[in-house]
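So that the names make sense, note that chain A is the first sequence line, chain B the second, and so on, each numbered from 1.
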2 protein chains.
Amino acid sequence: MSPSPTPATGLLTDKRVQRLSELPLACGATLTDVAVGYETYGRLNADGDNAILVCHHFSGSSHAAGRYATADEAPGWWDAVIGPGKAIDTDRFFVVAMDALGCVRRDSPHGVTTSAMSPNPATGRPYGPDFPPIAPADMVESQRRVLDALGVGRLVAVAGPSLGAVQAFAWADRYPRDVDRIIAAIGPTELQAKEIGLYRVMEDAIRLDPAFQAGRYDPESPPLNGLTVALKLMMLLAGGREALMAAWGRSPADGEGIEWAMEAWLDREARDRAGTIDANAWISMLRANMRWDLRAGRDSLEAVVAGWPARVLLLPAVADELIVPGAYHAPLESALRATGADLRVQVLPAAHGHLAGLSDIAFAADAIRDCLESPLTR
Amino acid sequence: MSPSPTPATGLLTDKRVQRLSELPLACGATLTDVAVGYETYGRLNADGDNAILVCHHFSGSSHAAGRYATADEAPGWWDAVIGPGKAIDTDRFFVVAMDALGCVRRDSPHGVTTSAMSPNPATGRPYGPDFPPIAPADMVESQRRVLDALGVGRLVAVAGPSLGAVQAFAWADRYPRDVDRIIAAIGPTELQAKEIGLYRVMEDAIRLDPAFQAGRYDPESPPLNGLTVALKLMMLLAGGREALMAAWGRSPADGEGIEWAMEAWLDREARDRAGTIDANAWISMLRANMRWDLRAGRDSLEAVVAGWPARVLLLPAVADELIVPGAYHAPLESALRATGADLRVQVLPAAHGHLAGLSDIAFAADAIRDCLESPLTR
C-alpha cells in the first residue's frame, strides 16, 4: 500500500474479544460461550477508577475512536470527542468502547460479538431465528462481566449515542452505584408506538425478500435486497432532512432507469451497508430496541431516575425526526429536573437530524469535557 | 338489509364517470379513452358560477362527502365540512369532488378512473408498468376537461388535503384566472429529498414481493404482501404520533407469534387497505408525487404565487411528520406574505399528525366558511 497522509488523530486501536462462558438473559434463556468485542483507548490507572464505557448505536460497533491502521480512511464514530486531549481525554481516562450483545455487523474486524449470526453451540449452525430475544438490559449484563474481567469496577461515565444512550440509561437503572455520570446523545427512554411500527416495517422488508428463507438463509446468499430496503428506511428516518436536501435536492439521476439522484445515492449507499450487516442480527436488534422501556411498569420516570448516577448530560438533536425530542427527550428532562438531578442539556444542531448525535458530536465537546472534569457535588 | 339508524348527514351521492377521448400528458404521451370518476353535491346555479372543485389525497377517491346509501357506515372523507349548512355549504355551492388521474383505488364504486390498472386500449390488458409517467399537472388537465363537460367554467375554489392540496396548487399555477380561492390542507409545494427517498422505499417494498412479477402480475394474484408493507409505511408516516401512542402504546399483542399490539393493528389495517388498492397504480401515484415541484425551474416561489387566485387558505397540521410544516408550509406562507396575498392560515391540531388534514378538518370549518363567503377584495 502506498504511503498515505498522516491521519488527524494519532490514536491507533485494535479489536479485542472477551469470552463469557455463559450469560443469563432477561427473557429467561441463557447464552453460552458468548463473545463480546471491545476496543480500549488510554490506560487504566493504578486505582482502577478512571474508566469510561462507550456504547454504540444500532448499526455501529465498538470502533468508537482511532484507526486500526494509519492508512484507514475514517476513524471511529466518536473520534471527534475521544482521544488525547479531546473531550473524552484518553490521556486522563481509560475508555472502553464495547459491542452491544447482538451487534448486527458482519464485516471484519467488527463482526465478533455474539448475535443471531453466531454459531449456536448446540448445533454448530448460525442461531438465525432461534437466537433468543435480547434486550438492552442483556447488553448491560454482558458489559458488566467484561468490565469485571478487565479489572474495572466503578465507571466515571457511561456514554453513547442512540442505542448507546439506551445502554447508558439501562446502566443507570441496573447499576446506578457503579456509574458516576451518564452522557446520553439522541437516546429514547422507551420505544413508542410509531417507532415500533416503523421498526416492524424494516423487519417486513427483510422478510419480503425470497432469499430470507424464514431466516434459514445460507450466509453466502443473504437477503441483501430486503436488507437494503430496511437500511434505506433507517437511513432516511435517522438522516437529516436539511442535509439530504442540500446533497441531493430534486436533482434528476444521471443514469438510465432511475429518476432521481436521491434514489440513486440511497440505493448505492444502502446496498454497500447491507454487505456489512447480517439480516437475522438486524431483526434481532430491531426487536431488542422495540423492547426498550426504561419505565417498565413503574409508576413514573421520576421514580426511575430518582436513584440515578450523580450527573446526567443529555444531548438531544433539535431536528431529530426518529427520536423526536418532544416525545422522547422532554419527558426525561422533566423527570430529572423534578428530582433535582445535576442535569445538563446541550442541544445538537439541525442539519443531520438524528445523526447529529454522531456527525455533530464535536458540537457538544465542551459540554462533555465539563461533565467529565468538573467536580461532582453529591 | 335491516333498517339502520339515520346517518349524521342526509347527503346521498353516487359515483359518476366522465369519459375523455384523449388527454395529452406533461410527459409528451397522450392517453386515449380516459375515464374520470367524480361525485357532485348541491346544484350548479343558472349562472354556473357557484362551483367548488374538491380534490383527494393519495389513497383517496372522489368520495369526499355523503353516503352512497343511508346504511353506509362512514361518509366521505371531508363530510365534516361538506354538506347542507356545513362550511362548504351544498345549499349554496355546487361541489364537484373529482378523482385524480391515476387514482390508486380498485374497490367498488371507487376504482373507475384511468390508472395503471386500466386496460391499455392498444392491448386490452392492464397498462401496468407501461402506464405513462403522470404528474399533478395532468390531474388538473383531466379535471379542467371534465368541468367543461359539466358546464363549469370559473371555480369559487379548489380545495383538498395533501395530494388534493397539490392539485389545488397546480390549478392555481395552470389556470389562475379560473379560480378565485385555494383551500389547501397539509399540502407540499414540492416533494423534497427525504420524502423522495421514503416514497422510493414504498415502491421497493412492492417490488420485493415475488408476486409483483415486474408489474405483470395477474390482477387476481396481486402483490398484497409488498403492498401491505408499503401501506404500513405510508400509514405510519401520515399517522399521528400521539394518536398511535394513545391507541396502542407499548401494549403486548393478544395473540401468538406477534409481540406488540401496535404491530397486530398495523398488519390487519394495512392488509385490509391493500385489498382496495392496485400496486401498479400505487407506484405510478408515488412517482407522480415525487415529480411534484410547483417552482419547477422558476426563480422563486414568490415569482410563482404572484399570479395566484385572489385568496388562499392554508391548513398545515402542527405535528405533521410527513409534510413537515417547517420544510413544506413555511416557505409558501412566506412567499404569499411577500406578495401581499389575501392569505389565511389555520393550523390543525397535533394528535393525528398529517392526517389532521382529514380527520380534524372540522377544526378549520369556520376558516373555510369565511374563506368562501367573505367578499373578495381584489
For the interface with chain A, which of B:Glu242, B:Arg241, B:Met245, B:Met235 has the highest count of heavy-atom pairs at distances below 4.5 Å? B:Arg241
Between A:Glu195 and B:Arg250, does at least one N-O distance fall below 4.0 Å, as a salt bridge requires? no
Distance in Å, B:Asp204 CG paired with A:Thr228 OG1, rounded so as to fall on 0.5 Å steps: 9.0 Å
Got a second to check how far B:Leu198's CG is from A:Leu236's CG, nearest 0.5 Å? 4.5 Å
What part of B:Ile258 is in contact with chain A, defined as an atom under 4.5 angstrom from a non-hydrogen atom: side chain, backbone, both or neither? side chain
Separation of A:Ile196 CD1 from B:Leu244 CG (nearest 0.5 Å): 10.5 Å
Heavy-atom closest pair, residues A:Pro210 and B:Pro210: CG-CG, 3.5 Å
Could you check which of A:Glu321, A:Lys232, A:Glu263 has the highest count of heavy-atom pairs closer than 4.5 Å to chain B? A:Glu263
Salt-bridge test for A:Glu259 and B:Arg200: reply yes if a basic N is under 4.0 Å from a carboxylate O, no otherwise. no
Would you compute the distance between atom CG of A:Leu191 and atom CH2 of B:Trp260 and round it to the nearest 0.5 angstrom? 9.0 Å
I need the A:Leu237 CG to B:Lys194 NZ distance, nearest 0.5 Å. 6.0 Å
Sort B:Arg207 into side chain, backbone, both or neither according to what part of it lies under 4.5 angstrom from a heavy atom of chain A. neither
Atom CG of B:Asp218: over 12 foreign heavy atoms under 6.0 Å: yes
Interchain contact, B:Met290 with chain A, by part (heavy-atom threshold 4.5 Å): both
